[in-house]
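Comments concern the structure below.
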There are 2 protein chains.
Amino acid sequence: MQKQKVTIYDVAREAKVSMATVSRVVNGNTNVRQETRDRVLAVIKRLHYQPNAVAQGLASKKTTTIGLIVPDLTNLYFSELSKGIDDIAMIYKYNIILSSIENRLMREGDVIQGLLNKQVDGIIYMSNRLSKEAEEAFLRTKTPVVLAGTLDNDGHLPSVNIDYIKADTEAFELMYASGKKNIAIAVGDSEAVINKQHRLVAYRRFLEAHHLGEGHVYRNIQNYADGYNLYAQLKQEKIDGIFVTKDLPSAGIVNAASEKGTKVPEDLEIITATATDIVKVVRPKLTAVKQPLYDIGAVAMRMLTKLMGDEPLEDKKVVLPYALEKNDSTSTR
Amino acid sequence: MQKQKVTIYDVAREAKVSMATVSRVVNGNTNVRQETRDRVLAVIKRLHYQPNAVAQGLASKKTTTIGLIVPDLTNLYFSELSKGIDDIAMIYKYNIILSSIENRLMREGDVIQGLLNKQVDGIIYMSNRLSKEAEEAFLRTKTPVVLAGTLDNDGHLPSVNIDYIKADTEAFELMYASGKKNIAIAVGDSEAVINKQHRLVAYRRFLEAHHLGEGHVYRNIQNYADGYNLYAQLKQEKIDGIFVTKDLPSAGIVNAASEKGTKVPEDLEIITATATDIVKVVRPKLTAVKQPLYDIGAVAMRMLTKLMGDEPLEDKKVVLPYALEKNDSTSTR
DNA sequence: GTGAAAGCGCTAACAA
DNA sequence: TTGTTAGCGCTTTCAC
């Protein structure tokens with residue numbers, strides 16, 4: 001490849017100043033006489049000079065780029081979070097390097113190392129499950145990291161979330177208030193920190209509080225078909241209320257129930273843990289925990305900008321409010 | 001910020017070779033004696049040396065990074081495309097800089113310039129509407145660009161798509177075969193090239209072929225509510241079949257129809273132009289054009305790798321096959 | 001097969 | 001306020 005067409009050197013020569021002065025102008029340094037600045041600016045415009053961000057990055061050790069680690073962009077949960085992150089990143093002029101960790105083409109540790117090699121100024125990580133190797137890599141590096149809609153085991157890393165235990169408990173109690181006694185929970189990855197240490201804990205506490213016995217935990221319920229197929233089991237085990245962590249499986253359950261003649265919410269109540277577009281498309285409309293996904297992303301990104309600017313963080317663990325949106329898959333108002 | 005911990009220089013010193021040799025080893029250059037290579041590799045491992053990609057980029061003028069321009073990641077159409085792009089990019093070891101152009105925080109030209117300043121090796125662009133400033137920027141730069149699920153006005157840029165005219169015509173004819181005579185079309189952005197030069201053209205040709213008069217074009221039908229609200233108008237204008245370019249509005253129409261007592265497909269047939277998860281969640285299940293979104297993305301990325309490697313392209317405009325998935329919102333099988 | 005040395009384009013002391 | 005001068009960490013001729 002050829003050399004860059006117009007460099008800072010060309011501008012300096014044409015404007016009869018030093019490279020340093022051009023650099024100052026480009027970076028908005030105020031220590032430049034207005035007259036000089038204008039002259040440089042004119043040359044920059046005339047030559048269509050554009051700074052080479054890679055060279056800037058090498059010299060300044062700042063790339064104005066962050067890494068975004070995400071499991072699956074086609075999942076609305078993550079894409080909503082990403083949108084919040086993206087908007088704030090744009091405001092602060094950061095670019096985002098997107099790293100998907102869904103397919104196992106690359107080990108998570110290598111993905112993170114790749115980001116670090118690209119000298120990203122910070123990393124935002126989202127995933128249902130924070131892998132061990134990721135957690136270790138994050139604790140080792142001095143590059144700032146923030147978790148969005150994600151929790152680590154010991155709470156060492158800055159993060160933004162809602163209070164899952166509180167939200168889930170409210171959901172269980174809503175179904176209980178309708179007189180349901182055989183309430184179940186269906187989770188995606190039962191080893192994920194949020195499920196293992198929060199949602200399932202809330203479930204057990206709920207069961208104990210009302211002396212409801214062992215309960216029913218369905219694991220690995222990930223997609224529409226999983227939900228659809230789960231229905232038969234729910235029917236057999238006489239489940240009359242279920243909390244589902246993902247939206248597509250919830251839709252599957254509702255549709256299966258409708259087809260097989262089970263009335264929702266009379267015979268079976270359903271609450272889903274994430275209010276996406278799916279919720280309003282299904283009939284009956286699903287009662288759902290409305291998480292402020294966009295805000296979680298936005299706040300996470302804002303936290304990261306502070307960390308990258310060596311500003312102090314008020315809260316390391318931010319907890320945002322949620323709302324339980326009562327729709328037609330539950331009966332108690 | 002401090003200097004990098006371990007540099008190529010440290011490795012060279014410890015291995016008692018020159019930086020050039022270390023560089024060769026790192027980049028898999030074969031002109032290194034096996035013995036030397038092993039020694040260098042051992043030192044790299046011992047010191048945990050990791051190359052600085054920014055410095056590599058500056059020296060080699062290759063960043064192994066591409067720019068991905070996307071309007072809205074929460075739109076399944078684009079996130080599916082992105083997934084295909086991401087997978088292939090990962091295989092070829094390219095990182096992706098994600099640039100959203102949905103919010104108008106930044107002009108599209110500036111977004112592209114920013115990517116160019118970061119010295120990306122290539123760009124993939126997706127959008128319903130290729131803006132004039134984007135098109136001009138792409139024609140001006142020597143950085144390779146590929147359009148995914150997107151078309152430019154004059155067809156100068158490499159792109160991957162399906163045959164929209166053929167697909168839409170098939171959809172119209174399917175409804176016509178059911179005896180529908182007042183068939184309409186609802187589009188998102190009617191100025192988008194795909195709509196203006198393909199979908200709407202197909203619609204007009206269909207009307208003419210069957211002497212169906214002027215027809216009905218509904219514009220700016222973007223989201224669930226738009227579709228839901230459109231129903232009243234469809235009813236008033238006695239529409240008995242409609243082709244909708246987006247999935248959420250389709251769901252809105254179906255749900256509104258069900259609520260108001262209009263039978264789908266008996267009284268109103270609906271076909272949507274993109275088969276996403278929404279299609280199978282709505283009842284009745286929507287008949288839809290199944291676009292190979294993942295493949296479009298994958299092929300676009302593969303084309304880009306060729307362009308970046310100065311390999312020739314067999315086809316500049318790739319057209320992938322689609323399938324019309326007949327579900328329950330149409331009656332003809 | 002290996003090394004010396006000149007950059008890549010820019011920033012950031014330090015002087016002036 | 002401006003210029004000089006080292007780098008930043010790496011690749012890449014060109015010799016040997």
Expressed in angstrom and rounded to an integer, what is the separation of [X] atom [atom1] from [N] atom [atom2]?
X	N	atom1	atom2	value
B:K118	C:dC10	NZ	P	14 Å
B:N27	D:dT11	CG	P	5 Å
A:K62	C:dC10	NZ	P	18 Å
A:N29	C:dC10	CG	C1'	15 Å
B:Q56	D:dC8	CD	P	17 Å
B:N117	C:dG9	CG	C1'	12 Å
B:Q119	C:dG9	CD	C1'	9 Å
A:N52	C:dT11	CG	C1'	13 Å

Backbone N or O of [Y] within a donor-acceptor pair of the [X] side chain at under 3.5 Å?
X	Y	answer
B:S159	B:L151	no
A:S23	A:T21	no
B:K316	B:H156	yes

Kindly state each residue pair satisfying ring-ring contact (aromatic ring centres under 6.0 Å, His included) with at least one member in residues 63-97 of chain B, sequence neighbours excluded.
none
[X] side chain N/O closer than 4.0 Å to the phosphate oxygens (OP1, OP2) of [N]?
X	N	answer
A:Y49	C:dC10	yes
B:K61	D:dT12	no
A:S23	C:dT11	yes

Using 4.0 Å as the upper bound for N to carboxylate O, is an ion pair formed by B:R13 and B:D10?
yes
Counting side-chain heavy atoms from C-beta on, which of C:dG9, C:dA12, D:dC10 comes nearest to A:S60?
C:dA12
First of B:L58 and B:T30 reached from the 5' end of DNA chain C, by closest nucleotide:
B:T30
Walk me through whether A:N27 and A:Q56 qualify under side-chain contact (heavy atoms from CB on, under 4.5 Å).
CA-CA 10 Å; A:N27 294 298; A:Q56 288 179 315; 4.2 Å; yes
Under the side chain to side chain donor-acceptor pair (under 3.5 Å) criterion, do B:N153 and B:Q197 qualify, and how do the steps go?
CA-CA 8 Å; B:N153 283 292; B:Q197 295 189 18; 3.2 Å; yes
Are there any protein N/O atoms within less than 3.5 Å of an N/O atom in nucleotides 2-5 of chain C, and if so, which ones and at what distance?
residue: C:dT2; atom: OP1; partner: B:R33; partner atom: NE; Å: 3.3
residue: C:dT2; atom: OP1; partner: B:R33; partner atom: NH2; Å: 3.0
residue: C:dT2; atom: OP1; partner: B:T36; partner atom: OG1; Å: 2.3
residue: C:dT2; atom: OP2; partner: B:R33; partner atom: N; Å: 2.6
residue: C:dT2; atom: OP2; partner: B:T36; partner atom: OG1; Å: 3.3
residue: C:dG3; atom: OP2; partner: B:S18; partner atom: N; Å: 2.9
residue: C:dG3; atom: OP2; partner: B:S18; partner atom: OG; Å: 3.3
residue: C:dG3; atom: OP2; partner: B:T21; partner atom: OG1; Å: 2.8
residue: C:dG3; atom: N7; partner: B:R24; partner atom: NH1; Å: 3.4
residue: C:dG3; atom: O6; partner: B:R24; partner atom: NH2; Å: 2.5

